[in-house]
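In what follows, a single structure is set out as structure tokens and then discussed.
A note on names: the letters A, B, ... follow the listed sequences, proteins ahead of strands, and every chain is numbered from 1. All values reported here derive from a predicted model rather than from experimental measurement.
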There are 2 protein chains.
Amino acid sequence: MATMTSADLRVHNQARLLRAVHDAPEPLTRAAAARLLTIGRNTAGALVGELERARLLHEIPAASTGRGRPTTLLVPHPEGPLAFAADIREDSWTLAQIALGGELTELESGEHDRTPAVFTQIREAVERHATDRLAAVGIAIAGPIWDGRWLHISHLGWDAVDLDEHLGDAWPTVIGNDARLAGLAEARRGALRGTGTAMHFHIDFDIGGTLLLAGDSQGGAHNIAGEFGHMPLTGSPLRCMCGALGCWSLDVGTNALMRRFGKAPGYGAGRELGREVLRRAEEGDAKAAKAVDDNAAALGRGLGALANALDPEAISLSGLGVDLIRLRRSLIEETCEAGLMAFRRSEAPPIVAGTVGEIGPLRGAAEIAFDEVLTPEWLGSRL
Amino acid sequence: MATMTSADLRVHNQARLLRAVHDAPEPLTRAAAARLLTIGRNTAGALVGELERARLLHEIPAASTGRGRPTTLLVPHPEGPLAFAADIREDSWTLAQIALGGELTELESGEHDRTPAVFTQIREAVERHATDRLAAVGIAIAGPIWDGRWLHISHLGWDAVDLDEHLGDAWPTVIGNDARLAGLAEARRGALRGTGTAMHFHIDFDIGGTLLLAGDSQGGAHNIAGEFGHMPLTGSPLRCMCGALGCWSLDVGTNALMRRFGKAPGYGAGRELGREVLRRAEEGDAKAAKAVDDNAAALGRGLGALANALDPEAISLSGLGVDLIRLRRSLIEETCEAGLMAFRRSEAPPIVAGTVGEIGPLRGAAEIAFDEVLTPEWLGSRL
DNA sequence: GTTGTTTTGTTCTTACTGAGAACATAACAT
DNA sequence: ATGTTATGTTCTCAGTAAGAACAAAACAAC
């Protein structure tokens, strides 16, 4: 609960208004915004007027919906702030531009050589596209990031890469784990919208996720929470490359599928094989089907355990998880239920596929970038 | 972010002030409170004045500490609101009265027959002691409580006891799981004070806990989060009485100790045996020592897994956990570290004994009761 | 013992906020 | 053409916290 003076009040309400516009699934009218924030029409008019003059919001005539004087639609200002979001995958990257409200435009993409030089590539791409409107940059990457600075990405051989050496400070830059950001995207604009407590899991080579509380991804002490894949939830006897024993990720994800077919669980190289296993399972190949079964069962078992601990309203999945729901929904639900405490079974959390899709990490990166902007502090300096 | 008018501002700041007084480890002076809330001395004077007139705060001369005009100490008003807190254990209960700031006075205690009749006993005890000052009642009990209403306490044979049938509505009443409330007490007034992200585990017959974010215990969708003991973290092959398989609680806690000595893991009956095992282990009995070793190792293993997932700043333990830290600190730390992802090991979260002690659940119950009071809504109605 | 220093309390003014009432306006319905 | 409905606009008003200036109460230094 921050300090609040009568002058801060205005900025506070303007931040609420901008947040409402940004979060709304469809453009908000000025009248609807006033109702949503429970402020008077006069106050709404004053707030919007100042935000328009600050080139943050723009009003356009709204199509009339019935009786009553027509109102205006609140849309991002044509000269308003933009966020850039980058998604770094195992050998490629994408840069996109996002406006207030979430409109996303892809700017550029490329390949990289699996070294931290990718950050230079991205920085240069940002510089190519940057204008005065660029307010913040968000980056999604697969791997843990200690305190937003130290990268520990075992499959790229990055041990403790110092981001401060690779990112410029020309723009406020925030970075997050791809699984966390995919979850954040679902919570803000996808399947988990409106939930109080929810969980998201992104299944790729391994499994990562995030606890979402009221639309916010929980970062923990070092902004490195969410490594649910590195809990021993399925009794695997194997040692994980993270250093611990029996991690859930050894049984769920593309690596787990690959291991079934005698391939070393390399990262980045085996995504095609993973897809192939799914395809063969769909076509009736028994060995592939068994591998998918085991993957789904291990997924369900872990979800049940985590639901006991964290009591989510809903659980969403992205990446391979979407395929697993499509192919093995009932198996996942049964194993999840078996792992739930008995009294929870009658109201088990729904397990749903994410609706944001492949661009989840990119969207999530845009969200954390805009979170830097939609603050009373930033707003106060802009007005 | 709630609606805020210039009139709400006053109540908002008064709530902040009362919260500061309640949370402060030592009585706050008016001048210190003004600095803490970063409000002017004039504003502080006005706020305190109104709170004094509303019989919420009282000012007494403060001992002077050096130069400068003497200030006043902000203490609870002699006619101010009180919370009652009850702690229900397996065969006994305690009722206490708590004032703003946390001063706790035990009122009454008794035994019960392990049926929901205990709630009638407590209600009658509350009525015996209630005055106009009683503002809210908080209850701690060992077992999950669905949506604050349905109790599922297997060791008492309570399947879905409806609290609404057993608690009156004469006072606002809130109820919480004892492990969660012990954790809340540590976060507000104990070893976890000031942490952003922390975890607490209460080890009794089994193990329960809570995730604490900025001093708040996370309840989940049905206020029933925190059943970390019912995750399969240690690879136990046994079925748990919760209905799931391989729960952590099968390896940690008094029940786990008892099982080692051929006793059925009953609840409530075996606490003495648990203490006896600890005593014998301290005296050098090999079998007892091994049982304690296994308990501590299983504890550490689970803590490591959970630290990977939730990235706590610190972990505190209560109940049997305090003894385990005393007797087997290094074993717990080693097994925890072995379960951590390698890159986390250099900055593993400290594992500390709770400092609130046995009355943790009672203190936590008082906190949730006062949380009902220290809101802008309650305050607004009182002023 | 006098004087200066430091900290806090008190008073008054001021800039600013959002609410509310009254009225104006622009659509649709009859 | 007239009434209804929802929204925009203008003005007044009660209320907030900040800031400046001053008063008061303690200690420190000489």
Give the rounded distance in Å between these two atoms: [atom1] of [X] and [atom2] of [N].
X        : N       : atom1 : atom2 : answer
His12(A) : dG18(C) : NE2   : P     : 9 Å
Leu47(B) : dT16(D) : CG    : P     : 9 Å
Leu17(B) : dA17(D) : CG    : P     : 11 Å
Leu9(A)  : dA15(C) : CG    : P     : 18 Å
Ile39(B) : dT10(C) : CD1   : P     : 14 Å
Arg41(A) : dT5(D)  : CZ    : P     : 15 Å
Gln14(A) : dC16(C) : CD    : P     : 13 Å

Examine the base of dT17(C) for any acceptor or donor lying under 3.5 Å from a partner atom in the side chain of Ser6(B), and report the outcome as yes or no. yes

Side chain Asn42(A) and base dG20(C) donor-acceptor under 3.5 Å: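 Yes.
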
Residues two or more places apart in sequence or in another chain: which of them pass side-chain contact (heavy atoms from CB on, under 4.5 Å) with Ala369(A)?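 Once residues adjacent in sequence are excluded, the partners of Ala369(A) under the side-chain contact (heavy atoms from CB on, under 4.5 Å) criterion are Ala83(A), Ala136(A).
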
If you round to the nearest 0.5 Å, how far is CG of Leu192(A) from OG1 of Thr355(A)?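 Interatomic distance, Thr355(A) OG1 to Leu192(A) CG, rounded to 0.5 Å: 8.0 Å.
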
Rounding to 10 degrees, work out the angle separating the end axes of the helix from dG1(C)-dC30(D) to dT30(C)-dA1(D) (five pairs an end).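 Helix axis angle between the two ends: 10°.
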
Is the distance from OP1 or OP2 of [N] to the nearest side-chain N or O of [X] less than 4.0 Å?
X        : N       : answer
Arg10(B) : dT16(D) : yes
Thr43(A) : dA19(C) : yes
Asn13(B) : dA17(D) : yes

Check the pair Gln218(A), Leu213(B) against side-chain contact (heavy atoms from CB on, under 4.5 Å), reporting the backbone distance first and the verdict last. CA-CA 9 Å; Gln218(A) 297 306 303; Leu213(B) 299 174; 3.3 Å; yes

Heavy atoms under 4.0 Å, any strand shown: does Asp8(A) hit a base, just sugar-phosphate, or nothing?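 Counting heavy atoms under 4.0 Å across all strands, no contact is made by Asp8(A).
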
Using a heavy-atom cut-off of 4.0 Å across all strands, would you classify Gly40(A) as base, sugar-phosphate, or nothing? sugar-phosphate

Quick one: are Val174(A) and Glu372(A) in side-chain contact, heavy atoms under 4.5 Å? yes

Student check: side-chain heavy atoms of Glu367(A) and His22(A) closer than 4.5 Å: yes

Are there more than 12 heavy atoms of other residues, nucleotides or ligands under 6.0 Å from atom CD of Glu106(B)? yes

Does anything in residues 53-75 of chain B reach DNA chain D, meaning a heavy atom under 4.0 Å, and if so which residues?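 Within this stretch, Ser64(B), Gly66(B), Arg67(B), Gly68(B), Arg69(B), Pro70(B) sit under 4.0 Å of the strand.
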
Restricting to non-hydrogen atoms, name the atom on Gly215(B) and the atom on Leu184(B) that form the minimum distance, rounded to 0.1 Å.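 It is O-CD1, 3.4 Å.
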
Go through residues 22-38 of chain B and report each residue with a non-hydrogen atom lying under 4.0 Å from DNA chain C, sorted by number. Arg30(B), Ala31(B), Arg35(B)

From CA spacing to verdict: salt bridge (Lys or Arg N to Asp or Glu O under 4.0 Å), Asp371(B), Arg19(B): CA-CA 9 Å; Asp371(B) 286 352; Arg19(B) 173 57 75 181; 2.7 Å; yes

Side-chain donor-acceptor pairs under 3.5 Å in residues 24-44 of chain B, sequence neighbours left out?
residue  : atom : partner  : partner atom : Å
Thr29(B) : OG1  : Ala32(B) : N            : 3.0
Arg30(B) : NH1  : Glu59(B) : OE2          : 3.1
Thr38(B) : OG1  : Thr3(A)  : OG1          : 2.5

Partner of Leu57(B) by side-chain contact (heavy atoms from CB on, under 4.5 Å), out of Thr72(B), Leu18(B), Leu47(B), Val75(B):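 That would be Leu18(B); it is the only one of Thr72(B), Leu18(B), Leu47(B), Val75(B) passing the side-chain contact (heavy atoms from CB on, under 4.5 Å) with Leu57(B).
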
Please name all residues satisfying salt bridge (Lys or Arg N to Asp or Glu O under 4.0 Å) with Asp216(B), sequence neighbours left out, ordered by chain then number. Arg188(B)

Regarding Thr210(B) and His200(B), is there a side-chain donor-to-acceptor distance under 3.5 Å anywhere?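 There is no such pair between these side chains.
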
